Structure formats: C-alpha cells, structure tokens
Engineer: 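The structure that follows is given in the form of structure tokens.
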Amino acid sequence: MFRRLLLMLNSCYFEPHMRRTEIAKAIGGEKIGDKLKIMGWVRTFRSNRFISVNDGSTIKNIQAVVDFENFDAELLKRITTGASVSVEGLLVESLGKGQAVELQVEKLEVLGDSDPDKFPLQPKRHSLEFLRENAHLRARTNTFSAVFRIRHAVAYAIHKYFNDEGFYYIHAPIITGSDAEGAGEMFAVTNFDLENPPKKDGEIDYSQDFFGKKTNLTVSGQLEAELAALALSKVYTFGPTFRAENSNTSRHLAEFWMIEPEVAFADILDNMDLAEGFLKYVIKHVLKHCKDDLEFLEQRKQQEEKGLPEAQRSELDLIESLNFVSENDFVRLTYTEAIDILRNSKPNKKKKFQYLIDEWGADLQSEHERFLVEKHFKKPVILYNYPKEIKAFYMRMNDDNKTVAAMDILFPGIGEIVGGSQREERLEVLKTKMAEFDIPEDEMWWYLDTRKYGTVVHSGFGLGFERLVLFITGMGNVRDVIPFPRTPKNAEF
RNA sequence: UCCUCAGUAGCUCAGUUGGUUAGAGCACCUGACUGUUAAUCAGGGUGUCCCUGGUUCGAGUCCAGGCUGAGGAGCCA
C-alpha cells in the first residue's frame, strides 16, 4: 500500500536524486508506466534514436529511445559504443519488435566518454583470443558477462549445497611449508632479494627467510581439509590453487580454484555418492537460475560449431547436455573393468590408439578416457580402484593389495573433473606407503598424528572449479571462464 | 616441455609458380536518411605484412633462428 503511494508520487515528478534501477529489474515487466533511471554502458546506438544499454545485471539490453530532435546533437555524438550513460524516462511497452519494453528518454547524461576510434570492442563478433588479450574489457561482451554470471551462480550453488548438507567451509592456507604434497611443481614464496639471497656454506639459507623455512603457494588444500574433517566430520575448502607446471592446454591454469570436500566416517562409495549428487545439484541450480545466459551461450556454441565437420559437433545442445547429466546416473566402473572394455575396443584392436592397452597396470591416457566417456558410455563415468602404483601415497590400500580406493570422474569434452579417494587411515600402512614414495615422515608429522590419535575412515575429492564452469557454459578453454587467467608467460592485468 | 598449425589495416580474414602502387567485409571519418535490432545508402584506406638475419635483380610469399598465440600430448583439477 505504502509502496503504491510512493510509486504514484514518483511518477508525478522527478526526485532530485532518483535511484538507479537495474536493467534486470526494469525489463521484468512490473515497472511499465514508471519513471526510471538506468545507468550502464552503450552497446549500440542505432538510427540516432535507439540506445542499447547494458549494465551487466542481465544479458539483455534495455532500449532507450531518444527523440533526437529535442536533444543537443553534440550530446548525441558522444553516445558511442562503450560510453557510460545515465538515462531517465518513462518505461513503456515497446513500439517495435525485439523487446517488450523501452525507455522514453527525458534526461540523458554521458557519464564517461569512449573514443569509438580507440575502444577495442566493436558491435560485432570478436575472437575469444582477441578478447583474452583485452581481458580488462571482455566482461562487457555478452559472452563473458554471461560466463561470469554463471561462474558466480556455480560458486554460490557450491556453498549452498555444502551448507545445506551440514558441511563447514574451511579456509586452507594459501602459503604452505610442506613440499611433500606431491601434486606437481610449486611456486616459491620468499621475501629474499633474489639477486643476493643469504647463504650458508654455499647454499641458500632459508632459516633467514620470512617464515624461517622454504615455503610455497599451495597446490592442494586436501591435507589441511583432512585435519579439519577429523574434527568437524564434514568440511570443504574452496580456494585458489597454484601449479607451476608448464602446461599449455585448454584445461590447465597456473592459478585455479579448487573445491575439496573431506568427510569422516565415509568410504569410497559414500565419496562417489557425494560427488555425483553434488555435481547434479550445482548443474540443476544453474539450469534454474541462469536460463537467459545459458540460452545465449547455447546459441554461441551452435554458431561456433557451424564451421566444424558434423562428426566434431556436439550431439546435444548445451542445455540438453546439462539436463542429461543432471538427470541420469553416472556410470561406475572399476579400473579393471575399464581395461577390459578398452582392450577389446575397436580403436585398440585396429591400433588407432596412440598408446595401445595390452595389460593391467597401464596408466590411462586422455584418448582412453575420452573413448570411455564420449564413445562407449556417452555419459559421465566414475572410474575407481586404480593400481596403487599410478596413484598418490595417501590413497587407501584395498584388500587385494594391488589397488587403492581412488576415484576419478570423467566428463565429456573435459576429461577429469574430479579426482578423489578414500584416505589411508591405518598408521602403519600409511608409513609404509610414504617410505615407498620417498616422502619424509618428519615433514608430515602433523598428518601422521591424525592417524595416531583417533583415526577414522575418511574420504574426499578435489573438483576443478574452472573445469566445471567450462562444462556448464559450453566454452572451450578454461582461460575463458576465469576473469584473469594465469598461464605460462601470461600474468597481465 | 614435446608435436602440429598460425601471425597481413582497429577487428575478422584473402593475397596465385617470388614480380609493379598489398586487398575485402566490418569498425572508424564525412554526408544523407530516420521505429531501428550488429540500422541503411554514398564517399574516404587508416599498414613496422610478428622480429632478426639470409637467399634473390626483386620477399607478405622461399630458408634459418627467435617471439607470441591456438590445437593436441604429458602433468593434472
């Protein structure tokens, strides 16, 4: 009632400081007949009359209609692609097709000019590579604003899922003093003068460094998550992770975000249930809340695949494939079963694989994972119980003494999206494995303590956040789903 | 790091067996028009052909080395 009254007053005259209405709210349909102020960035200015304005609140633009006869020509000249504007006027049903509503402009202000000769983004299609080089501006494109809104929705859904399931969010340290985590090359953290570090007996003396020891950026929060899970039962981490690998692929970043749930009293099967339920929940959330953006990205993908031969195009459209994954059970398959399938597969018999599968124990290559996911099952696959030799030291030894309770989830087009395991909770077995893997016990005393005092069965996994966003958005390169990608030879912006 | 491919106007790209002054579309500038949807029409070329060296009468084109990017592999998430 009170609001109605305000609205009536509002439509009679302009307040001196009218509040901005987000475009997402303005085009919802409920505000027709209201006087509104819109602020945003000009996408196009057509016919000297129609300003397409976007403020990032939605992929849709609002059409602001100016009677150019009543406005200063010099002012209208400043309405260029990329300029920021404030427009006030009456929101009405659109006279033209293509949009439901439009704003009849009564007040027009250019907030920030944009020299059209120099502004890099034109009202046309740009290559993703070009936009990557202009990452400071690329969020002003439909594609990237859609991707980043979805990235947000995915992050939010992850926190919501875990919260609703009784998990606690643990902030694992970014700087780590243990170099025994065994997940690849690390970035050193130091405040030494690199030209002239202090030395002792010819060697760099790390005891004089900031932390009094050698430290690195974290490659995984798993070990810390395990400590927390063995107190709080159900925890997860969600933070930046760093790998100094010289990886140049569409699936690797030097700085990426990883989610690592860890659950006490849970075995490998519980772990698979958690991962599968979690992935489905997140995808459903995005399907429900990001419809406009998904539809746009679906069209973008179709457009992009038009140029490809039919065999290389996706069988399902983006939204279809998300529905499919969220509504169907993942295939669960032991490593041993996978080897049997692969050994008898056509590409193996016809020697089409670059690495032929002949015996149990071989590490699976990308081509094998792809075959299983994209050709044989055509759905996400959970592979588990791998040979102990090809997996990490902390994974729990199975009773066969040959395999460990590891599991990887493979997604079509992405490959490994989740890697996890039941953890070795038996102190003596863990110590033996560490010796086999040359991991010094004295650096991991705190990890071993959890097995010494009240050890329990527990499991967890790591999920590559960008790989999940990659799958959900249908983009082709993780560099295009993170605002400012860090890759070898690239840390611009 | 390895393999393959690419680098020409602001962007996307064409450029013949090495041959005169390097082109197109879009963007941009000027003008016209005005209910448009990446508006339309007319006119205008804005260039270190990635860099360095070499072969040649002559190199965007051929050769060598380098830089950058992409795809794939490895590593993995």
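Letters A, B, ... mirror the listed sequences (proteins, then strands); counts begin at 1. This one's a predicted model, so the numbers in the text were calculated from it and none came from an experiment.
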Engineer: Could you work out which one of B:G69, B:C76, B:C11 sits closest to the side chain of A:H126?
Structural biologist: B:C11
Engineer: Please give the nucleotide sitting opposite B:U46 as a Watson-Crick or G-U wobble pair, both distances under 3.5 Å, or none.
Structural biologist: B:A27
Engineer: Mind checking who B:C76 pairs with, Watson-Crick or G-U wobble, both distances under 3.5 Å?
Structural biologist: none
Engineer: Would you tell me if any nitrogen or oxygen in the side chain of A:Q365 comes within less than 4.0 Å of OP1 or OP2 on B:G74?
Structural biologist: yes
Engineer: Answer with base, sugar-phosphate or nothing: what part of the nucleic acid does A:Q63 contact at a heavy-atom distance below 4.0 Å?
Structural biologist: base
Engineer: Identify whether NZ of Lys or CZ of Arg in A:K346 sits under 6.0 Å from the centre of the six-membered ring of A:F371 and within 45° of that ring's axis.
Structural biologist: no
Engineer: Any idea which heavy atoms bring A:K433 and A:V404 closest together, and the distance?
Structural biologist: NZ-CG1, 3.8 Å
Engineer: Taking the nucleotide of RNA chain B with the nearest heavy atom to each, does A:N48 or A:E133 sit closer to the 5' end?
Structural biologist: A:N48
Engineer: Return the nearest nucleotide to the side chain of A:S366; candidates are B:C76, B:G69, B:C11.
Structural biologist: B:C76
Engineer: Base, sugar-phosphate, or nothing for A:T249, non-hydrogen atoms under 4.0 angstrom?
Structural biologist: base
Engineer: Using a 4.0 Å heavy-atom cut-off across all strands, classify A:R251 as base, sugar-phosphate, or nothing.
Structural biologist: base
Engineer: Would a line drawn from the ring center of A:F278 to the ring center of A:F162 be shorter than 6.0 Å?
Structural biologist: yes
Engineer: What is the distance, to the nearest angstrom, from the CG atom on A:L121 to the P atom on B:U12?
Structural biologist: 12 Å
Engineer: Closest to the A:K77 side chain: B:U30, B:G35, B:A39?
Structural biologist: B:U30
Engineer: OP1, OP2 of B:A39 versus side-chain N and O of A:R46: anything below 4.0 Å?
Structural biologist: yes
Engineer: Over all strands shown, is A:K97 touching base, sugar-phosphate only, or nothing at heavy-atom distances under 4.0 angstrom?
Structural biologist: base
Engineer: Would you tell me if any nitrogen or oxygen in the side chain of A:S250 comes within less than 4.0 Å of OP1 or OP2 on B:G72?
Structural biologist: yes
Engineer: Over how many whole Å does the gap from A:K124 atom NZ to B:U37 atom P extend?
Structural biologist: 19 Å
Engineer: Please figure out whether A:P120 or A:N248 has its closest RNA chain B nucleotide nearer the 5' end.
Structural biologist: A:N248
Engineer: Take A:R251 and A:T249 through the test side-chain hydrogen bond (donor to acceptor under 3.5 Å, both in side chains) and record every step on the way to the result.
Structural biologist: CA-CA 5 Å; A:R251 300 178 305 285; A:T249 81; 4.5 Å; no
Engineer: With respect to the side chain of A:M258, which nucleotide from B:G74, B:C11, B:A77 is positioned closest?
Structural biologist: B:A77
Engineer: Just how far, in rounded Å, is P of B:U36 from CD1 of A:I62?
Structural biologist: 19 Å
Engineer: Name the closest nucleotide to the A:D363 side chain, picking from B:C75, B:U36, B:U12.
Structural biologist: B:C75
Engineer: Within the 4.0 Å heavy-atom criterion, would you say A:S94 contacts the bases, only the backbone, or no part of the nucleic acid?
Structural biologist: base
Engineer: Is it the case that the ring center of A:Y355 lies less than 6.0 angstrom away from the ring center of A:H368?
Structural biologist: no
Engineer: When we call it a touch if two heavy atoms are under 4.0 Å apart, what does A:G96 touch: a base, just sugar-phosphate, or nothing?
Structural biologist: base
Engineer: Report yes if at least one side-chain N or O of A:S127 is closer than 4.0 Å to OP1 or OP2 of B:U12; otherwise report no.
Structural biologist: yes
Engineer: B:C76, B:U36, B:G74: which one has an atom nearest the side-chain heavy atoms of A:S47?
Structural biologist: B:U36
Engineer: If I take atom CG in residue A:D115 and atom P in nucleotide B:C29, what distance separates them, rounded to the nearest angstrom?
Structural biologist: 8 Å
Engineer: Looking at B:A70, I'd like to know if its phosphate oxygens (OP1 or OP2) sit under 4.0 Å from a side-chain N or O belonging to A:R479.
Structural biologist: yes
Engineer: Rounding to the closest angstrom, what is the interatomic distance between B:G10 and B:U46 at atom P?
Structural biologist: 11 Å
Engineer: Counting any heavy atom closer than 4.0 Å, what does A:H252 reach on the DNA or RNA strands: base, sugar-phosphate only, or nothing?
Structural biologist: base
Engineer: So, does A:R243 use its side chain to make a donor-acceptor pair with the main chain of A:T218 at under 3.5 Å?
Structural biologist: no
Engineer: Does the separation of the ring centres of A:Y236 and A:Y169 fall below 6.0 angstrom?
Structural biologist: yes
Engineer: For a quick check of understanding: with a heavy-atom distance under 4.0 Å over all strands, which category does A:L253 fall into, base, sugar-phosphate or nothing?
Structural biologist: base
Engineer: Can you identify which nucleotide, out of B:C75, B:G72, B:U1, has its nearest atom closest to the A:N246 side chain?
Structural biologist: B:U1
Engineer: Using a 4.0 Å heavy-atom cut-off across all strands, classify A:E129 as base, sugar-phosphate, or nothing.
Structural biologist: sugar-phosphate
Engineer: Determine which nucleotide pairs with B:G53, using a 3.5 Å limit on both distances of a Watson-Crick or G-U wobble pair.
Structural biologist: B:C63
